Amino acid sequence: MSELARVRTHRDGPTQLVRITGEVDLSNAHDVIDAVGHAVPDDVTRVVLDLSGTTYMDSAAIATLFRLGERLRDRRQDLRLVVPATSPIRAVIELTRLSHVIPVDEVAPTPGDPSMSYAALPHPATSAPPAGDPPDDLPDADADGDGDGSRQPNA
């Protein structure tokens, strides 16, 4: 029989690293996520939830991760998950589309890693287009080509 979940935390500047090991299911999901929420100070900008050592998650655990993400967003804190490709819970993370709501990395960040910058801000190495220029991947406003700026054909 596997052990129930354990939560360990470590702070590195603006990042709170939280490691959950063991199993998270209906019997402990609420307590585990509450422990995570209470372990995160208000002054951190990002929370990395390392699930590398998590061996099992059921639907209750996934639902609490969605709620944790909402709670942290309300506090203006960025949540990232660490779930290796070989993890027994990776398929659950993908099938539930949790990875579409919360970014998932395969390895935990190293201290001071600039690639883990706060998601609301662009990474310093990336350049944004000038303010007046629309991004290249947006469709033209006059998609139907009739010159009136609409996307619908004229009646």
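Keep in mind the model is a prediction, meaning the values are calculated, not measured.
From His38, atom NE2 reaches atom OG1 of Thr9 across 13.0 Å, with rounding to the nearest 0.5 Å. In this structure, CG in Asp34 is found 9.5 Å from CZ in Arg67, a value given to the nearest 0.5 Å. In this structure, CG on Leu81 lies 9.0 Å from CD1 on Ile20, to the nearest 0.5 angstrom. Distance CD1/Ile33 to CG/Leu65: 4.5 Å, rounded to 0.5 Å. We find the CG-OG1 distance between Leu4 and Thr21 to be 10.5 Å, quoted to the nearest 0.5 Å.
Leu26 and Val24 fall into different hydrophobic clusters, where Ile, Leu, Val, Met, Phe, Trp and Tyr side chains are chained together by heavy-atom contacts under 4.5 Å. Under a hydrophobic-cluster definition in which Ile, Leu, Val, Met, Phe, Trp and Tyr are linked whenever side-chain heavy atoms come within less than 4.5 Å, directly or via other members, Val40 and Val82 are assigned to different clusters. Leu49 is not connected to Leu17 by any chain of hydrophobic side-chain contacts under 4.5 Å among Ile, Leu, Val, Met, Phe, Trp and Tyr, and they are in different clusters. In the hydrophobic clustering of this structure, Ile93 groups with Val101; members are Ile, Leu, Val, Met, Phe, Trp, Tyr whose side-chain heavy atoms approach within less than 4.5 Å, directly or through other members. Under the 4.5 Å side-chain heavy-atom criterion for Ile, Leu, Val, Met, Phe, Trp and Tyr, Val18 and Phe66 are members of the same hydrophobic cluster.
For Ser99, the side chain to side chain donor-acceptor pair (under 3.5 Å) partners are Glu94, not counting sequence neighbours. Remark: Ile89 pairs with Leu51, Thr54, Met57, Val83, Ser87 by the side-chain contact (heavy atoms from CB on, under 4.5 Å) rule, at least two apart or across chains. Under the side chain to side chain donor-acceptor pair (under 3.5 Å) criterion, Asp50 pairs with Arg19, Ser52, not counting sequence neighbours. Glu70 pairs by the side chain to side chain donor-acceptor pair (under 3.5 Å) definition with nothing, not counting sequence neighbours. By the side chain to side chain donor-acceptor pair (under 3.5 Å) test, Arg75 pairs with Asp42, Gln77, sequence neighbours left out.
Salt bridge status for Arg46 with Asp12: absent, with no side-chain N to carboxylate O gap under 4.0 Å.
Sorted pairs that involve residues 56-66 and meet side-chain hydrogen bond (donor to acceptor under 3.5 Å, both in side chains), not counting sequence neighbours, are lacking altogether.
Closest non-hydrogen pair, Ala39 versus Gln16, comes out as O-NE2, 3.6 Å. Heavy-atom minimum distance, Pro84 versus Arg90: O-CB, 3.7 Å. Closest approach of Asp25 to Ser27, counting heavy atoms only: OD1-OG, 2.6 Å. Minimum heavy-atom separation, Leu79 to Ile102: O-CG2, 3.5 Å.
With a 4.5 Å cut-off on side-chain heavy atoms, Val44 and Thr15 do not count as touching.
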